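One structure is given here, and the rest of the page talks about it.
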Number of protein chains: 2
Amino acid sequence: MAEASFEDLVQAAYLQTFPAQLELIAEGDPADFLYVVMEGYVELFAHANGRETTMAMVRPVNAFILAAVLKDAVYLMSARTARKSRILLIPSENVREAFARDDAFARAIVVELANSYRTVVKEQKDLKLRTAVERLANRLLRYDAEQGAHGTVTLPHDKRTIASLIGMTPENLSRAFNTLKPYGVEVTGPTVTIADADALANLAQPNPLIDDETS
Amino acid sequence: MAEASFEDLVQAAYLQTFPAQLELIAEGDPADFLYVVMEGYVELFAHANGRETTMAMVRPVNAFILAAVLKDAVYLMSARTARKSRILLIPSENVREAFARDDAFARAIVVELANSYRTVVKEQKDLKLRTAVERLANRLLRYDAEQGAHGTVTLPHDKRTIASLIGMTPENLSRAFNTLKPYGVEVTGPTVTIADADALANLAQPNPLIDDETS
DNA sequence: CGACGATTTGAATAGGATCAATGGGAGTGG
DNA sequence: CCACTCCCATTGATCCTATTCAAATCGTCG
């Protein structure tokens with residue numbers, strides 16, 4: 001994007017540090033700011049019919065609720081810090097201004113939105129086409145790949161959060177881990193070892209059109 | 001968008017009529033064309049782990065797989081005509097060209113993508129936060145609203161398709177309709193009458209952040 | 001009229017959720 | 001440093017939802 005637009009956004013932005021478990025936004029609120037996670041972790045979650053679910057975990061450096069800001073609409077999701085986090089807040093007004101003025105910025109946003117869209121589509125496929133155990137197995141393989149494919153995974157979130165993220169209860173997650181034991185999966189607190197990646201992959205049936213970050 | 005860009009796209013495009021149940025694209029294929037439904041209905045669906053699910057039904061006039069075209073990536077979903085349909089095929093190359101050249105077009109695409117993104121997020125909330133019966137109840141209320149809120153709904157698709165769309169089996173859909181009978185829902189073939197919209201809404205708990213088209 | 005596919009219904013099963021209780025750290029305050 | 005508390009995670013038992021398998025019914029189309 002143009003230097004000037006960038007400067008304008010940075011000038012208008014606030015960089016703040018928030019403690020863990022602080023609610024940043026609530027679904028239904030008007031989109032006053034675009035949020036960018038600089039450090040830490042932010043949980044996006046949602047409510048309906050008396051239930052709550054984790055929609056996504058946002059890690060540095062990523063923006064969230066971009067679509068709402070551009071549309072000048074209300075947030076569809078709530079957000080809270082999962083741990084102490086440094087977050088950049090950019091007034092929506094400025095984002096929309098830069099979007100209207102700066103062609104390069106507008107195009108960059110398209111790429112970002114296209115990626116976000118495809119990510120959610122993949123998640124929907126994951127949810128509708130796989131059982132809970134399959135989802136967990138694939139998730140473990142993904143974490144392993146992200147962490148260097150050593151066969152030793154450190155879970156990036158609380159188990160209750162992971163359970164909600166992949167669409168199950170904490171109890172069920174615990175049982176799903178047990179189900180994976182015969183496939184070489186051992187759990188010790190937040191550490192998971194994958195003894196036989198092939199066996200696990202055979203169960204999980206990983207699919208690039210669901211599990212690959214890019215593409 | 002600019003007249004010239006529009007002309008260019010139209011010039012390069014093919015308008016074709018396809019019979020029902022014709023597979024237009026398959027997930028994993030490179031995105032060679034952007035598709036626009038002019039008449040008829042197109043089903044987007046996906047496979048994984050030996051299962052298949054309906055992801056969306058696209059009606060006129062709407063484009064599908066825009067994100068894949070822009071990213072020059074592979075399709076995440078397959079598509080088939082649900083009935084005889086007239087479809088506009090625009091070569092991806094031309095779309096990306098227009099996107100690069102025409103600023104107004106690029107901005108229009110942002111709006112389109114932002115809407116698509118928010119739609120999928122809503123669907124994910126629907127899936128994760130509601131039971132099958134609640135999803136059906138809300139879907140019926142939505143159809144009723146779309147069709148004029150007369151309390152008489154004509155199902156826009158086969159029941160098996162609707163079942164897959166809202167994430168259940170055809171058998172379960174049939175039973176879900178029976179579950180809704182005490183709430184004033186009567187089914188006769190493709191026609192559904194809603195005798196007591198309040199009772200149904202009380203069960204469904206419709207939520208603008210999930211069920212409203214706009215917002 | 002006959003065949004096929006869609007829908008419905010029934011029965012049995014499986015997958016997940018809920019409720020309840022226990023064990024296990026991490027953090028707090030004395 | 002230790003005891004206490006709280007919350008997370010696990011386990012057990014049970015319940016409920018939804019899927020699967022099977023069969024019957026219905027409607028449509030050739």
Side-chain angles (χ1 to χ4, degrees), chain A residues 19-21 43 48-54 80 82-84 126-140 153-182 185-192 203-204, chain B residues 19-21 41 43 48-54 80 82-84 126-137 139-140 153-182 185-192 203-204:
Chain A
Q21 299 302 324
E43 176 186 4
N49 296 67
R51 295 163 206 122
E52 174 179 323
T53 191
T54 300
R80 67 168 81 93
R83 62 189 66 170
K84 189 178 171 188
D126 190 49
L127 270 176
K128 290 184 81 174
L129 292 166
R130 288 173 169 162
T131 64
V133 171
E134 287 168 353
R135 290 200 297 277
L136 175 60
N138 278 297
R139 180 69 57 152
L140 290 176
V153 173
T154 303
L155 298 177
H157 319 292
D158 286 351
K159 284 178 183 153
R160 56 167 32 258
T161 305
I162 290 176
S164 183
L165 193 56
I166 63 186
M168 59 175 114
T169 58
E171 294 96 323
N172 201 27
L173 175 66
S174 193
R175 293 182 175 109
F177 272 126
N178 284 330
T179 305
L180 293 180
K181 209 173 262 181
V185 173
E186 210 68 44
V187 183
T188 314
T191 304
V192 179
L203 170 75
Chain B
Q21 298 303 322
Y41 246 117
E43 176 187 3
N49 296 65
R51 296 164 205 122
E52 175 179 323
T53 191
T54 301
R80 66 167 82 95
R83 62 188 67 167
K84 188 178 171 189
D126 190 50
L127 271 175
K128 292 184 80 174
L129 292 167
R130 287 172 169 163
T131 65
V133 171
E134 287 168 353
R135 290 199 297 277
L136 175 59
R139 179 70 57 152
L140 291 177
V153 174
T154 303
L155 298 177
H157 318 292
D158 286 352
K159 283 178 184 153
R160 57 165 33 256
T161 305
I162 290 176
S164 183
L165 192 57
I166 64 186
M168 58 176 113
T169 59
E171 294 96 325
N172 200 28
L173 175 65
S174 191
R175 291 180 178 114
F177 272 125
N178 284 331
T179 305
L180 293 182
K181 207 173 267 182
V185 174
E186 210 68 43
V187 183
T188 314
T191 304
V192 179
L203 170 75

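Worth saying up front: this structure is predicted, and the values here are computed from it rather than measured. All chains are named by letter (A, B, ...) in the order of the sequence lines, taking the proteins before the strands, and each is independently numbered beginning at 1.
The CZ atom of A/R130 sits 17 Å away from the P atom of C/dG15 (whole-angstrom rounding). Note: CG (B/L136) to P (C/dT8) measures 11 Å, nearest angstrom. Atom-to-atom, NZ of A/K128 to C1' of D/dA18 comes out at 15 Å; the value is rounded to the nearest Å. Separating the CZ atom of B/R83 from the P atom of D/dC29 is a distance of 14 Å, rounded to the nearest angstrom. Rounded to an integer number of Å, the gap from NZ of A/K181 to P of D/dT10 is 10 Å. For the pair B/N172 CG and C/dT7 P, the interatomic distance rounds to 15 Å; values are reported in whole Å. Regarding A/L155, its CG atom lies at a distance of 16 Å from the P atom of D/dC8, rounded to whole Å. Atom CG of A/L127 and atom C1' of C/dG16 are 14 Å apart (whole Å).
Panel note: side chain B/T53, backbone A/L129; no donor-acceptor pair is recorded below 3.5 Å. Side-chain atoms of B/K128 come within 3.5 Å of backbone N or O of A/S164 as a donor-acceptor pair. B/T188 contributes no side-chain N or O that, together with a main-chain N or O of B/T191, makes up a donor-acceptor pair within less than 3.5 Å. Between the side chain of A/K159 and the main chain of A/P190, no donor-acceptor pair closer than 3.5 Å is present. Judged by distance alone, with hydrogens and angles left aside, the side-chain atoms of B/R130 form no donor-acceptor pair with the main-chain N or O of B/R135 at under 3.5 Å.
Between B/L136 and B/T179, every side-chain heavy-atom pair lies at or beyond the 4.5 Å cut-off. Annotation: side chain of B/T54 is not in contact with side chain of B/H157 (no heavy-atom distance under 4.5 Å).
For DNA chain C, the residues of residues 156-169 of chain B within the heavy-atom distance limit of 4.0 Å (strictly under) are B/D158, B/K159, B/R160, sorted by number.
One finds a side-chain N or O of B/N178 lying less than 4.0 angstrom from the OP1 or OP2 phosphate oxygen of C/dT9.
For B/S174, counting side-chain heavy atoms from C-beta on, the closest listed nucleotide (D/dT10, C/dT9, D/dT19) is C/dT9.
Expressed to the nearest 0.5 Å, how far CD of B/E171 lies from CZ of B/R160 amounts to 9.0 Å. Rounded to the nearest 0.5 angstrom, B/L140 CG and B/I162 CD1 are separated by 8.0 Å.
Between the side chain of A/R175 and the base of C/dG15, no donor-acceptor pair of N or O atoms lies under 3.5 Å. Judged by distance alone, with hydrogens and angles left aside, A/E171 brings a side-chain donor or acceptor within reach of the base of C/dC19, the pair sitting under 3.5 Å.
The C1' atoms of five pairs define one axis at each end of the helix from C/dC1-D/dG30 to C/dG30-D/dC1, and these two axes lie 40° apart (to 10°).
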